[in-house]
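Right, one structure below, let's go through it.
Values in this document were obtained by computation on a predicted structure and should not be read as measured data.
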Amino acid sequence: MTQTTIKFLMNNELHSVEHVDPNTTVLHYLRNDLNRCGTKEGCASGDCGACTVVVGELEKGSVKYKSINACITFLPSLHGKQLITVEDLKQDDQLHPAQQTMVDCHGSQCGFCTPGFVMSLYALNKNHPSPTKDTAMEALSGNLCRCTGYRPIVDAALNMGNYPCDQNTDTIATELLQTINRQDSTFLSNQSSQYFAPTSADELAQLLIDYPDARLLAGGTDLALEVTQFHRDLSTIIYVGNVSELKTIRETDSSLIIGSAVTYNECVHRLEKEYPELGEMIERLGSLQIRNQGTIGGNIGNASPIGDMPPVLIALDATMTLRRGHNTRTIKVADYFHDYKVTDLKANEFIQSIEIPKAKPGYQLKIYKISKRIDDDISAVLAAFYLHVEGPQVKSFTAAFGGMAAIPKRARHCEAALMGHPWTESSIESAMQALMLDFKPLSDVRASAEYRMDVAKNLLMKSFLEINQSKEQENTATRVTGYA
Ligand SMILES: Cc1cc2nc3c(=O)[nH]c(=O)nc-3n(C[C@H](O)[C@H](O)[C@H](O)COP(=O)(O)OP(=O)(O)OC[C@H]3O[C@@H](n4cnc5c(N)ncnc54)[C@H](O)[C@@H]3O)c2cc1C
Ligand code: FES
Ligand code: FES
């Protein structure tokens, strides 16, 4: 059965929407349809956090809260969820701890960014009532403030543990959310656009056959920018975030299989257990708001030359399963990218899952993300090296780069200069020279071609020095303790 009404909770009240333009963002709806103007519009591209709202979702019988950017979230994707905005926080004339702490720590000056910060703090308070500096910094990573210099806001976050815990028990929300039918697919349309939210992979596959020009929507952190930045109207949208098969993480003896619609924050803990370096990299991918929504499937599907996951997946020799109708095929992530934004994806096909081999004994993964800021910034260059050095010799070496060509790509000449060669500075220097045969990078707003090439070469040397340093430390530790 298909439902034609989108239902969600506005705080703790059931709210229904029909016949809305599926391109409507949550921010637009709040400000223009509901006159809830507490949520601000700064950039309309997910960069500033002024539009941060909190979404609650039922997970194993209770509500889990996360901060998201309302400006790049399409309204229909709220079906079955709870939306909380800054207007909902004050209870019985009492400010919420997330608000009171901002007042007490002088975290607001002009106030434009404040509702966004308060909502990030609200989500932090729900998930970590007494936050550490790390969790506080992570929660605030997607919010910009031009006035305060941030210190008072960080103080406000750390001070939140001093207030009585949020007494709102979420039972009302849990009960109300359980009344919304999330099993059946949803469909919404107005005169010019239509929106489908299937709940199974079979349904999704059929929809793509019926509507070959439809745009797939996962987290929307790339796709929504086509609407908010390029002012395009997407005529048919298929939301994959409710497709159960695409939301699973499976494990075999040799690999992890991540459904394409699994968000970064849903899989980061499993991935970092296998590859701690990958966990660190994901913590620098976008902001917390972006990682709460964005998916690996969307990162690959967007096919940007500066997407962070593809070079890592290529270096790890990951594969992906693509589905069209009832047929599936598996290809290497490395073979997916043909040319700038040209991929192996055929008409009616979608990315079902990504299979990442588990860490091989003796291998090391090194990932370097070069961007102008640590948090919430797109890479100028991303390098991923996966290597095995045994004794004095390089037994295996795979190198992949983002930001160095029109597509994320392996550095075959560089790899050949190291494979089977001694693990020495002079081999690394040859590999650095070989990079010039692999890539002719472009200059753009993020970096010049010369900078990109220099930095790529230097990252090779950096990995060499770091690996040798950690070997030396291991040897010293073994000598001191006497244990191998
Ligand atoms: C502020 C900001 C910061 C960002 N920072 C980073 C960063 O540091 N590093 C980085 O790599 N990216 C970054 N991004 C880009 C974006 O967040 C990522 O690319 C993210 O992984 C996209 O996932 P999504 O689920 O939001 O994709 P969506 O926007 O939903 O989709 C992206 C594309 O993939 C297609 N697609 C989605 N799912 C499928 C599927 N199952 N099969 C086939 N095609 C599909 C869509 O049709 C669309 O063309 C940033 C974006 C913003 C707005
Ligand atoms: S308005 Fe800037 S992130 Fe949404
Ligand atoms: S208080 Fe002015 S932008 Fe933050």
Side-chain angles (χ1 to χ4, degrees), residues 201-202 204-209 212-219 222-223 238 240 243 245-262 264 267 270-271 274-275 278 294-360 363 365 367 382 384-386 396-412 415 438-439:
D202 283 348
L204 168 61
Q206 187 56 47
L207 279 169
L208 272 176
I209 287 173
D213 295 328
R215 301 297 305 275
L216 291 182
L217 167 70
D222 281 315
L223 189 69
I238 304 178
V240 296
V243 177
E245 296 94 326
L246 270 49
K247 293 290 294 178
T248 57
I249 303 176
R250 285 183 293 128
E251 188 169 343
T252 68
D253 287 346
S254 56
S255 65
L256 296 174
I257 304 169
I258 315 282
S260 61
V262 171
Y264 292 109
C267 64
R270 187 60 199 88
L271 288 175
E274 203 59 37
Y275 295 107
L278 180 52
T295 63
I296 302 182
N299 202 222
I300 299 174
N302 191 46
S304 162
I306 45 175
D308 285 338
M309 287 303 292
V312 182
L313 296 171
I314 293 171
L316 292 174
D317 202 24
T319 55
M320 52 204 277
T321 297
L322 306 171
R323 176 166 170 180
R324 182 194 205 181
H326 291 294
N327 302 320
T328 56
R329 64 186 175 113
T330 299
I331 62 165
K332 284 178 187 281
V333 175
D335 296 332
Y336 182 75
F337 304 99
H338 294 183
D339 203 342
Y340 179 70
K341 297 262 178 185
V342 180
T343 70
D344 211 58
L345 195 76
K346 307 282 184 289
N348 322 106
E349 204 171 35
F350 63 94
I351 305 168
Q352 186 168 280
S353 59
I354 299 102
E355 181 160 5
I356 306 175
K358 286 188 175 170
K360 296 186 202 162
Y363 278 65
L365 175 66
I367 307 174
L382 188 136
F385 309 133
Y386 195 46
S396 175
F397 180 71
T398 315
F401 285 84
M404 293 292 287
I407 53 172
K409 197 170 136 212
R410 268 175 83 167
R412 299 273 186 186
E415 290 175 2
D438 285 311
F439 298 114

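Rounding to the nearest 0.5 angstrom, the gap separating the CG atom in Leu382 from the CG atom in Asp308 is 5.0 Å. Atom-to-atom distance recorded for Ile209:CD1 and Leu204:CG is 10.0 Å, nearest 0.5 angstrom. For the atom pair CD1 of Ile258 and CG of Leu246, the computed distance is 12.5 Å after rounding to the nearest 0.5 Å. Ile300 contributes atom CD1, which lies 7.5 Å from atom OH of Tyr336 (distance to the nearest 0.5 angstrom). Taken to the nearest 0.5 Å, the CE atom of Met320 stands 12.5 Å off from the CD atom of Glu355. Note that the CG atom of Asp438 and the CD atom of Glu415 stand 8.0 Å from one another [nearest 0.5 Å].
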Could you go through Thr343 and Asp335, starting from their C-alpha distance and side-chain angles, then the distance that decides it, and tell me whether this counts as side chain to side chain contact (heavy atoms under 4.5 Å, CB included)?
CA-CA 8 Å; Thr343 70; Asp335 296 332; over 6 Å; no

Check against side chain to side chain contact (heavy atoms under 4.5 Å, CB included), Leu217 and Ile238
CA-CA 6 Å; Leu217 167 70; Ile238 304 178; over 6 Å; no

For Val240 and Lys247, what are the C-alpha separation, side-chain angles and deciding distance, and is it a side chain to side chain contact (heavy atoms under 4.5 Å, CB included)?
CA-CA 9 Å; Val240 296; Lys247 293 290 294 178; over 6 Å; no

Tell me, with the steps shown, if Cys267 and Ile296 meet side chain to side chain contact (heavy atoms under 4.5 Å, CB included).
CA-CA 9 Å; Cys267 64; Ile296 302 182; 4.0 Å; yes

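Residue Lys332 places its NZ atom among 12 or fewer non-hydrogen atoms of other residues, nucleotides or ligands, all under 6.0 Å distant.
Judged by distance alone, the side chain of Lys409 and the main-chain N or O of Phe439 form no donor-acceptor pair under 3.5 Å. Here the side chain of Thr248 pairs a donor or acceptor atom with the backbone of Glu245 at under 3.5 angstrom. The backbone N or O of Ser255 sits nowhere less than 3.5 Å from a side-chain atom of Lys358 that would complete a donor-acceptor pair. Judged by distance alone, with hydrogens and angles left aside, the side-chain atoms of Lys346 form a donor-acceptor pair with the main-chain N or O of Asp344 at under 3.5 Å. A donor-acceptor contact shorter than 3.5 Å links the side chain of Arg323 to the backbone of Gly325.
Across all non-hydrogen atoms, the minimal contact from Ala201 to Phe350 is O-CZ, 4.2 Å. Residue Asn348 comes nearest to Pro212 through the heavy atom pair ND2-CB, 3.5 Å, listed as atom of the first residue, atom of the second, then distance. For the pair Ala315 and Ala400, the tightest heavy-atom approach, listed with the atom from each and the gap, is N-CB, 4.1 Å. For the pair Pro357 and Ala318, the tightest heavy-atom approach, listed with the atom from each and the gap, is CD-CA, 3.9 Å.
In this structure, the side chains of Pro311 and Pro408 come closer than 4.5 Å at one or more pairs of heavy atoms. The shortest distance between side-chain heavy atoms of Ile354 and Ile257 does not fall below 4.5 Å. Taking 4.5 Å as the limit, some side-chain heavy atom of Gln352 sits within range of a side-chain heavy atom of Thr328. When side chains are defined from C-beta on, Ile367 counts as touching Leu278, because their heavy atoms get closer than 4.5 Å. At a threshold of 4.5 Å between non-hydrogen side-chain atoms, the residues Ile331 and Thr319 do not count as touching. Contact of the Tyr264 side chain with the Asn299 side chain is registered, since non-hydrogen atoms from C-beta on lie closer than 4.5 Å. Counting heavy atoms from C-beta outward, Thr398 and Asp317 have side chains that stay 4.5 Å or more apart. Inter-residue side-chain proximity for Leu345 and Leu322 is flagged as met; some heavy-atom pair is nearer than 4.5 Å.
In this view, Tyr275 satisfies the ring-ring contact (aromatic ring centres under 6.0 Å, His included) rule with no residue, not counting sequence neighbours. For Tyr386, the ring-ring contact (aromatic ring centres under 6.0 Å, His included) partners two or more places apart in sequence, or in a different chain, are Tyr363. Annotation: salt bridge (charged side-chain N to carboxylate O under 4.0 Å, His left out) contacts of Glu349 (sequence neighbours excluded): Arg329. Taking Thr330 as the reference, Thr321 meet the side chain to side chain donor-acceptor pair (under 3.5 Å) condition, with sequence neighbours excluded. Taking Arg270 as the reference, Glu251, Glu274 meet the salt bridge (charged side-chain N to carboxylate O under 4.0 Å, His left out) condition, with sequence neighbours excluded. Contacts of Asp253 classified as side-chain contact (heavy atoms from CB on, under 4.5 Å), with partners at least two apart in sequence or in another chain: none.
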